[in-house]
Enquirer: 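One structure, as structure tokens, below. Some questions next.
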Number of protein chains: 2
Amino acid sequence: MSAPIIRNICSSRRAFFHRTLSLKKRFSSSIHALIYDEYGDPTKVVQLETLNDLPLVDKKSIRIKMLASPINPADINTIQGIYPVKPPLPAVGGFEGVGEVVEIKSGASDIKVGDMVIPAINSLGTWRSQVVCPSDCVTVLPEGTPRLFAATLRVNTCTSYRMLADFQDLQAGDTVIQNAANSGAGQMAIQIAAARGLKTINIVRDRPNVDELKAHLHNLGADIVVTDTELRMSSPQKLLQGLPKPKLGLNAVGGKSAISLMKYLQNGGTMVTYGGMSKQPVTVPTGMLIFNDIKVVGYWMTRWHDNNPNSVEAARMFDELCQWSKEGRLCIPRHRLVNIKDYKSGIESAMADFTTEKQILVFDN
Amino acid sequence: MSAPIIRNICSSRRAFFHRTLSLKKRFSSSIHALIYDEYGDPTKVVQLETLNDLPLVDKKSIRIKMLASPINPADINTIQGIYPVKPPLPAVGGFEGVGEVVEIKSGASDIKVGDMVIPAINSLGTWRSQVVCPSDCVTVLPEGTPRLFAATLRVNTCTSYRMLADFQDLQAGDTVIQNAANSGAGQMAIQIAAARGLKTINIVRDRPNVDELKAHLHNLGADIVVTDTELRMSSPQKLLQGLPKPKLGLNAVGGKSAISLMKYLQNGGTMVTYGGMSKQPVTVPTGMLIFNDIKVVGYWMTRWHDNNPNSVEAARMFDELCQWSKEGRLCIPRHRLVNIKDYKSGIESAMADFTTEKQILVFDN
């Protein structure tokens, strides 16, 4: 399970960023960064370091003041060394986030000071208060895009958007079923589906205070919310409440949960796996493949971004999502803002079971 | 696991055929048919019956003298009652076969006496010496098509053809990996792949005299043949002998065999399941779906035929396959001709483990 393509594409750029760790006093203000120099338990190997050494901005680069950066499962897995992307060490954590351009030389493309930007590559290292990087390593977002929405746009939100776009031809009134419905991507899928007129059946794990969670997901636009146990105890006919059987299933759990989900799909339907929280594989009865024509595929947002750099479709997607956000149709999932100095608490919460809140780092800069 | 669509499509036609079981003495000669009136063990519930009651041929129907009809796994599973196609009982066994048109009224379409025909529907009931049916229930094959090739064309050969055509864009030099390589469909896949310039890696179960089987498969055009054990003990690099990693895998086994096969696929590859001989489900590690972009799908020839009745693509496929057969590029898999009167021996052999020979019924008519 490796991703050599990604490592190759980014190696030269990554070298650029990591030079920031060794260059001395080229920029006046010091910055904070969350750095790890070995793979392991994120609560132990990640350290807050103060760096006094940002490179100077030249004609091809820009300086960005980071505003917010989430702690995603992929960030945790990368630090643990179990993700197919393995940054050379030492590395700055964080795959996504949002920043504001604060310094630029004339002629450095069409980016201007004050622009809101997000990474255009997978290796920016967003858990730091400032970044100096080539201007083509970021994407400028439309003015007025809500800041925290922008911070979680590139990974979670785009994952949900593309999974609802790329695997089945879904029309208003069609149904989608998902597990881990309270995850960041799950909550975003509910809202994007609602914005498109799609119906959603949402599975969450049994837990204390599940009614409060159900109310929250219904409030985001979920049509049906059930726990694993309720799903097992129910019949499809009863559960669907007259909705058509789902054409699409989104699976972030695997194991028994994936099997339960698959059984609800209509013949010819697709189950897209984008996570494996149960650490169990996806098991598919042979008859479902042959006779029910169920397609079992996977999705990795990193691959899509790598295959569609600065594409027309990427720009269209960002525009549509930012527009929906400005209209208030996409709220960012429940979250907690964590100052970078309190990163230990943020990482611990991100790794805790039953965390519905997304931990988002903010910076003193 | 049901296939209501197929049952609906064919129900009126099937009623027509089953009337042949109750009509009396409309046609002079008696016929033999293998009939079952309950689902169960094929060696017990199937009976050879002599019928004296074929319907008369009218302007819309034809009389066919059956020449040969294989005993396929799907026939066995149907009689066992574990297949999604459930013919109303009593039923004549057999999904495919070849016959010769022996009686026709003028005006009954463009079929003529002497034409070689195969079923155009799934419910003809081919295990009988003669059939009277509507003329649109059969497909006329090109003159000169070898008889036994025609007998196994509609199910096994078409399955292999379509699996190699419909799931990945394969070009000469590309590699395909399959298990159950010595099955009827497996042997045909080797030959069709060779006819197209594709390379094949073929997995067979450990067995006595495996070298003889390997030689046979190499003779059909197989590039690499390995046993399950050899596959597990080898490394991909060693096994592939310089061939590119397979884009496509054909799985008729499931369980551990499917996992082994999947590991050889290149990123973005597809594993198509068309059988489940191990009776174990297909288990897919989450990382293979997400990071390796492996697609896991199923194939059922019955569905394709139902969705493409008398289509241009079906005609093109039949023409290409019959042409390859006439050129000697497609030999029918190892087989044993079994007179219908010895059906018990044929069914027992078809159900035996390690049977590489296809059992093909022939008739005294």
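Convention: sequence-line order gives letters A, B, ...; per-chain numbering from 1. Computed over heavy atoms, backbone and side chain alike; hydrogens, waters and symmetry mates excluded.
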Enquirer: Can you confirm whether more than 12 heavy atoms, excluding those of Lys263(A), are under 6.0 Å from its NZ atom?
Expert: no
Enquirer: For a quick test of reading the model, state the closest non-hydrogen atom pair linking Val296(A) to Leu289(B) and the distance between them.
Expert: O-CD2, 3.8 Å
Enquirer: Please name the pair of heavy atoms, one in Trp300(A) and one in Ile290(B), separated by the smallest distance, quoted to 0.1 Å.
Expert: CB-O, 3.4 Å
Enquirer: Using distance only, find each side-chain donor-acceptor pair of residues 71-79 of chain B under 3.5 Å and give its atom names and separation, not counting sequence neighbours.
Expert:
unit_1: Asn72(B); atom_1: OD1; unit_2: Lys358(B); atom_2: NZ; d: 2.8
unit_1: Asn72(B); atom_1: ND2; unit_2: Glu96(B); atom_2: OE2; d: 2.9
unit_1: Asp75(B); atom_1: OD1; unit_2: Phe95(B); atom_2: N; d: 2.9
unit_1: Asp75(B); atom_1: OD2; unit_2: Asn72(B); atom_2: N; d: 2.8
unit_1: Asn77(B); atom_1: ND2; unit_2: Gln80(B); atom_2: OE1; d: 2.9
unit_1: Thr78(B); atom_1: OG1; unit_2: Ala74(B); atom_2: O; d: 2.6

Enquirer: Compile the donor-acceptor pairs under 3.5 Å between side chains in residues 253-260 of chain B and protein atoms, sequence neighbours left out, one pair per line.
Expert:
unit_1: Ser257(B); atom_1: OG; unit_2: Asn179(B); atom_2: ND2; d: 3.0
unit_1: Ser260(B); atom_1: OG; unit_2: Lys256(B); atom_2: O; d: 3.1

Enquirer: Let's test your reading of the structure: which of Ile294(B), Asp293(B), Thr273(B) forms the most heavy-atom pairs below 4.5 Å with chain A?
Expert: Asp293(B)
Enquirer: Where is the tightest heavy-atom contact between Gln280(A) and Thr286(B), given as atom of each residue plus distance?
Expert: O-OG1, 3.6 Å
